[in-house]
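Step one of this worksheet: look at the structure below.
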Amino acid sequence: MHVNTAVLLQLAYGEYAVGAFSVNSIEQILGAMRGATEAAAPLIIQVSHQARRYAMPGVLEAAVHAAARHFPELVFALHLDHGDEAACYEGIDSGLYGSVMIDASAQPLAENIAITRRVVERAHARGVAVEAELGRLGGKEDDLVVAEDAAWLTDPDAAAEFVARSGCDALAVAVGTRHGIHKFAASGQLDLERLAAIRARLPGVPLVLHGASSVPAAEVARINAAGGAVAADAHGVPEALYPELARRGVAKINIDTDGRLVWARVLREYLRDHPATLDLREPGRVFMAAYAERVAQLCRCFGAAGRLAEVRRRLGV
Ligand SMILES: [Zn+2]
């Protein structure tokens with residue numbers, strides 16, 4: 001069942017976080033839905049601007065809703081990740097999204113507020129939730145590249161003003177993570193005190209953590225053992241820290257890199273071990289099973305596993 005994202009985040013707030021998994025293919029869509037179902041967890045599936053360009057607009061969205069019919073127990077939301085104003089309006093008007101993210105974080109505060117406010121008005125009129133961003137994550141995610149000297153952390157006072165004036169439903173905050181394979185700058189770490197200060201000024205407002213994959217060292221090692229060239233010192237958010245983030249108001253955790261790592265590991269190992277294969281479906285099946293397992297594991301780390309019955313009961317479905 002597809003729902004408004006804000007509903008899922010409000011149910012999770014302060015207790016656990018809902019995993020938001022980036023998808024580019026039907027294998028990722030089916031794997032994520034299998035994983036969330038196995039973990040009995042609510043799910044957010046997100047599609048980025050580049051994913052929509054890759055698969056052609058409308059294709060992934062249709063596949064998500066078609067796939068969901070095979071998972072009748074699932075409660076999920078489809079989210080548009082890092083949209084500009086035009087992309088958000090397209091997503092809102094399509095009727096296929098439970099939320100959109102307007103990313104005007106490169107703009108000055110007043111302009112970010114004004115743009116977000118316009119998107120919120122249009123979205124709320126259609127029953128769609130809005131995530132906005134204040135602060136800028138460094139690193140690289142597809143065509144979104146932010147140099148370290150252009151990255152800055154979220155100011156708690158500005159965050160309170162931003163949410164009050166923009167009316168957004170959830171706020172993506174910059175508290176030390178980065179997009180890409182290296183989740184932290186050279187000496188950086190998660191700024192938990194800043195997160196606590198933001199939560200204190202925004203009680204009840206779900207926070208979102210981008211660049212939040214855990215980047216398991218074992219996964220990187222397997223990729224490299226199968227001929228890959230991923231930086232061996234790549235690392236992400238320690239899995240043990242996820243529950244602490246949830247207690248500090250992070251209700252949505254974005255996962256893209258960890259999914260890419262599963263894909264690279266499965267493909268490299270499968271093609272190495274089956275040099276005669278020409279069938280996309282063979283490694284595809286292995287990938288879906290491996291990705292489902294990873295999604296279920298992350299849902300357990302986020303505290304979201306086993307919550308599905310409670311979510312359905314509280315939504316009355
Ligand atoms: Zn992001």
Side-chain angles (χ1 to χ4, degrees), residues 1-9 18-37 42-104 115-116 118-133 141-144 168-170 172 179 208 210 252 254-257 259-260 262-263 280-281 284-285 287-288 291-292 295 317:
M1 179 192 184
H2 185 245
V3 298
N4 177 304
T5 308
V7 171
L8 288 185
L9 300 187
V18 183
F21 298 90
S22 299
V23 300
N24 305 274
S25 71
I26 57 166
E27 288 82 5
Q28 285 181 305
I29 292 167
L30 293 168
M33 289 185 173
R34 265 171 65 177
T37 301
L43 172 72
I44 297 170
I45 295 234
Q46 51 188 31
V47 173
S48 72
H49 172 63
Q50 286 300 333
R52 294 183 79 242
R53 278 181 62 176
Y54 168 73
M56 308 286 280
V59 174
L60 290 172
E61 294 92 329
V64 165
H65 287 281
R69 289 199 283 274
H70 296 277
F71 299 89
E73 292 303 307
L74 192 62
V75 177
F76 78 103
L78 177 60
H79 174 76
L80 178 71
D81 194 25
H82 287 290
D84 60 13
E85 202 172 347
C88 285
Y89 293 153
E90 208 180 308
I92 293 162
D93 294 344
S94 74
L96 298 171
Y97 284 90
S99 57
V100 296
M101 178 197 185
I102 173 67
D103 182 356
I115 294 169
T116 301
R118 287 199 293 271
V119 172
V120 164
E121 281 170 8
R122 183 128 150 202
H124 286 183
R126 299 287 304 263
V128 176
V130 176
E131 173 185 332
E133 178 167 336
E141 184 177 46
D142 296 331
D143 57 343
L144 180 65
C168 66
D169 301 282
H179 287 127
V208 181
H210 286 235
K252 175 173 176 275
N254 287 8
I255 299 292
D256 187 3
T257 302
R260 295 179 182 212
V262 174
W263 175 84
L280 178 150
R281 291 168 299 192
R285 276 186 206 100
F287 169 78
M288 284 191 278
Y291 187 50
V295 167
V317 296

| His2: what forms a side-chain hydrogen bond (donor to acceptor under 3.5 Å, both in side chains) with it, not counting sequence neighbours? | none
| query | Could you give all pairs that pass the salt bridge (Lys or Arg N to Asp or Glu O under 4.0 Å) test and reach residues 54-81, with sequence neighbours left out? | reply | Arg52-Glu61
| query | Taking C-beta and beyond as the side chain, do Met101 and Leu80 meet within less than 4.5 Å on heavy atoms? | reply | no
| task | Flag the pair Asp103 / Asp84 as yes when at least one side-chain heavy-atom distance between them is below 4.5 Å, and no otherwise. | result | no
| task | Kindly indicate whether the side chain of Glu131, heavy atoms from C-beta on, has any atom under 4.5 Å from the side chain of Asp169. | result | no
| said: Looking only at the side chains, is there a donor atom on one of His79 and Ser99 sitting less than 3.5 Å from an acceptor on the other? | reply: yes
| said: Contact between Gln28 and Phe287 at the side-chain level, heavy atoms closer than 4.5 Å - yes or no? | reply: yes
| Listed by chain and number, what are the side-chain contact (heavy atoms from CB on, under 4.5 Å) partners of Arg118, not counting sequence neighbours? | Glu85, Tyr89, Ala114, Ile115
| said: Can you tell me how far apart OG (Ser25) and CE (Met288) are? Round to the nearest 0.5 Å. | reply: 9.0 Å
| task | Kindly write out the residues that satisfy salt bridge (charged side-chain N to carboxylate O under 4.0 Å, His left out) with Arg260, not counting sequence neighbours, or none if the list is empty. | result | Asp142, Asp256
| Minimum heavy-atom separation for Val128 to His124, with atom names? | O-CD2, 3.3 Å
| field | Chi angles and distances behind the side-chain contact (heavy atoms from CB on, under 4.5 Å) call for Leu43, Phe21 | value | CA-CA 8 Å; Leu43 172 72; Phe21 298 90; 3.5 Å; yes
| note | One should read off an interatomic distance between Leu74 CG and Thr37 OG1, to the nearest 0.5 angstrom, of 4.5 Å
| message | Quick check: do Val18 and Lys252 have side-chain heavy atoms less than 4.5 Å from each other? | response | no
| message | If the condition is side-chain contact (heavy atoms from CB on, under 4.5 Å), which residues does Ala67 pass it with, not counting sequence neighbours? | response | Ile29, Leu30, Met33
| request: Kindly give the heavy-atom pair with the smallest separation between Ala77 and Val3, and that separation in Å. | output: CB-O, 3.3 Å
| All side-chain hydrogen bond (donor to acceptor under 3.5 Å, both in side chains) counterparts of Asn4, not counting sequence neighbours | none
| field | Which atom of Arg34 lies closest to which atom of Ala292, heavy atoms considered | value | CB-CB, 3.8 Å
| message | Quick check: do Ile26 and Leu60 have side-chain heavy atoms less than 4.5 Å from each other? | response | no
| field | side-chain contact (heavy atoms from CB on, under 4.5 Å) evaluation trace for Leu9 with Ile44 | value | CA-CA 10 Å; Leu9 300 187; Ile44 297 170; 4.0 Å; yes
| said: Is the shortest side-chain heavy-atom distance between Phe76 and Phe71 below 4.5 Å? | reply: no
| said: Do His210 and Ile255 make a side-chain contact, defined as non-hydrogen atoms from C-beta onward lying under 4.5 Å apart? | reply: no
| said: Working note: His82 + Gln50, criterion side-chain contact (heavy atoms from CB on, under 4.5 Å); need CA distance, chi angles, decisive distance, verdict. | reply: CA-CA 10 Å; His82 287 290; Gln50 286 300 333; over 6 Å; no
| query | In Å, rounded to the nearest 0.5 Å, how long is the span from CD1 of Ile45 to OH of Tyr97? | reply | 11.5 Å
| request: List the steps and the verdict of side-chain contact (heavy atoms from CB on, under 4.5 Å) for Asp93 and Arg122. | output: CA-CA 9 Å; Asp93 294 344; Arg122 183 128 150 202; 2.6 Å; yes
